[in-house]
Amino acid sequence: MATGILSPVHVAFLLVIVVLLFGAKRLPELGSSLGSGLRDFKESLEGTNAHAQVASVVDANASTGPTASALQSAPPPVAPPSVTQPVMITPAADEPRLSPPAA
């Protein structure tokens with residue numbers, strides 16, 4: 001019997017749980033999306049195809065003009081808070097004063 005962290009029995013048990021959770025129909029879809037995500041991640045780490053991706057994003061942004069909501073005027077800016085002098089708070093006459101702890 002294998003004594004590693006993931007023995008064949010563990011792997012089979014995990015596969016059964018995955019099939020029960022997601023269903024057999026959805027497993028190919030999950031596998032393809034996971035594979036494409038890993039492929040994109042690997043390409044981003046290697047830096048391959050980065051210039052083509054940047055160019056396609058720039059072209060996509062250039063083809064779409066500003067929307068009507070972007071052309072509307074922004075609300076007026078909020079006035080900065082006014083600066084006041086610090087106020088010293090003293091206890092009222094009927095409130096007991098705390099004495100320093102005895103040594």
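Along the sequence shown, the residues carry numbers beginning at 1. It should be emphasised that the depicted structure is a prediction, and the values quoted were computed from it without experimental measurement.
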With rounding to the nearest 0.5 angstrom, report the [atom1] to [atom2] distance, [X] to [Y].
| X | Y | atom1 | atom2 | answer |
| --- | --- | --- | --- | --- |
| Leu38 | Glu43 | CG | CD | 11.5 Å |
| Leu27 | Leu34 | CG | CG | 11.5 Å |
| Leu20 | Leu15 | CG | CG | 11.0 Å |
| Arg39 | Ser44 | CZ | OG | 13.0 Å |

Taking Val19 as the starting point, is it possible to reach Phe13 by hopping between hydrophobic residues whose side chains are less than 4.5 Å apart?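 Looking at the clustering, Val19 is in the same group as Phe13.
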Give the cluster check for Leu30 versus Ile17: same hydrophobic cluster or not, with ILVMFWY residues linked at side-chain heavy-atom distances below 4.5 Å.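 Same cluster.
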